[in-house]
Amino acid sequence: VHTTAAGFGKERMTIIAHRGASGDAPEHTIAAYQLAVEQGADYIELDLHMTKDRQLIAIHDDTLDRTTNGSGKVHAFTLAEIKQLDAGSWFNHKYPGKAQPYYHGQTIPTLAEVINHYGKSINYYIEIKKPQQTPKMADELLRVLRQQQLIGKRTGPADRGKIIIESFHPDSLKYLRHKAPELLLIQLGEDAAEMKLAEIAQYADGVGPNFSTLNEEFVKLAHRHGLLVHCWTVNSETAMIKLNSWNVDGIFTNYVKIARKHVGKH
Ligand code: G3P
Ligand code: CA
């Protein structure tokens with residue numbers, strides 16, 4: 001039985017929509033999140049950066065250049081300035097076969113906007129991209145989550161797993177464990193072989209290695225340490241099928257629809 005969305009007691013792999021349904025829509029826009037939800041994602045992933053006026057927004061890069069019609073560092077602009085930018089047209093130009101008229105004019109969403117939009121109806125997988133800005137970003141993240149009643153007094157057991165926080169940086173995770181122990185935490189890593197599982201198990205609930213560095217033994221070992229394994233970024237059908245057969249708990253993917261088709265029961 002699927003007891004929580006995070007993968008405990010699950011029957012199949014958890015599907016995390018990497019930057020939304022980013023294979024089919026402009027990443028980190030409401031259009032991409034909505035498509036991910038419609039395609040059946042268990043989580044939508046949001047990478048966070050902070051604006052000049054300390055608002056948390058969903059964007060992967062620390063610059064505006066690749067995914068908007070603006071340019072420069074995210075932290076050099078206010079939210080009002082960033083809201084003027086078109087975060088969808090680049091996708092239509094780059095992928096004419098997948099272009100949609102309504103992608104034009106999509107804006108960069110704030111974390112609060114996304115959560116306001118979906119409330120508790122979906123699950124969120126959130127990465128703080130700038131560890132040097134912890135605790136500033138982490139505190140603001142917690143404030144938004146509290147305000148939206150996703151953590152804190154008004155939450156209950158059913159809310160466990162609704163938010164997962166991921167980071168490459170142990171200090172960010174340790175800070176969050178201390179401040180909000182109810183949050184599920186995933187330690188990301190570039191290379192599974194270099195992840196110190198016993199150490200990670202002291203402050204996190206799972207590991208998120210690059211899938212191409214993974215083998216079945218690692219998955220077993222992580223499970224023996226009580227850690228979930230959520231790996232990134234899995235876009236090929238063959239890899240999805242293989243990882244599922246290894247009992248991997250979840251995958252980040254740009255192609256939720258393909259993942260849905262392929263992850264079966266363990
Ligand atoms: O967060 C897992 C994966 O998304 C890490 O890569 O660069 O897409 O954030 P990136
Ligand atoms: Ca990420």
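We count residues from 1, following the sequence as given. Computed from heavy atoms alone, side chains included, the values below leave out hydrogens, waters and symmetry copies. First listed ligand is number 1; within each ligand, the first listed atom is number 1.
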| request: Say whether Phe91 and Leu64 are linked into one hydrophobic cluster, either directly or through other cluster members, by side-chain heavy-atom distances under 4.5 angstrom. | output: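 In one cluster with Phe91: Leu64, no.
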| message | Salt bridge or not between Asp42 and Arg12? Use side-chain N to carboxylate O under 4.0 Å. | response |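 Yes, Asp42 and Arg12 are salt-bridged.
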| message | Any salt bridge linking Glu182 with Arg177? Criterion: basic side-chain nitrogen under 4.0 Å from a carboxylate oxygen. | response |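 Here Glu182 does not pair with Arg177 in a salt bridge, since their nearest N and O are not under 4.0 Å apart.
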List the closest protein heavy-atom neighbour of [atom]: residue, atom name, distance to the nearest 0.1 Å.
atom                    : answer
atom 9 (O) of ligand 1  : Lys129 NZ, 2.6 Å
atom 4 (O) of ligand 1  : His18 NE2, 2.9 Å
atom 10 (P) of ligand 1 : His60 NE2, 3.3 Å

Please identify which atoms of ligand 1 are closer than 4.0 Å to at least one heavy atom of [X].
X      : answer
Glu127 : 1 (O), 9 (O)
Asp47  : 9 (O)
Leu188 : 1 (O)
Arg19  : 7 (O), 8 (O), 10 (P)

| Can any side-chain N or O of Tyr203 pair as donor or acceptor with the backbone N or O of Asp171 at less than 3.5 Å? |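 Absent.
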| task | Would you name the N/O/S atom of Glu127 that lies closest to the Ca ion (ligand 2)? | result |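 Relative to the Ca ion (ligand 2), the closest nitrogen, oxygen or sulfur of Glu127 carries the name OE1.
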| Between CD of Glu140 and CD of Gln55, what distance do you get to the nearest 0.5 Å? |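 Answer for the CD-CD pair, Glu140 versus Gln55, is 6.0 Å.
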| said: As a test of understanding, state which of His18, Glu166, His230 forms a side chain to side chain donor-acceptor pair (under 3.5 Å) with Tyr125. | reply: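 That would be His230; it is the only one of His18, Glu166, His230 passing the side chain to side chain donor-acceptor pair (under 3.5 Å) with Tyr125.
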| Can a donor-acceptor pair be found between the side chains of His28 and Asp47 at a distance below 3.5 Å? |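 There is such a pair (donor and acceptor under 3.5 Å, judged by atom type) between the side chains of His28 and Asp47.
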| field | Backbone or side-chain N or O of Glu166 under 3.5 Å from ligand 1 N or O | value |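 Glu166 vs ligand 1: N/O contact under 3.5 Å present.
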| field | Angular separation of Asp47 OD1 and Glu45 OE2 about the Ca ion (ligand 2), given to 10° | value |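 My answer is 90°, to the nearest 10°.
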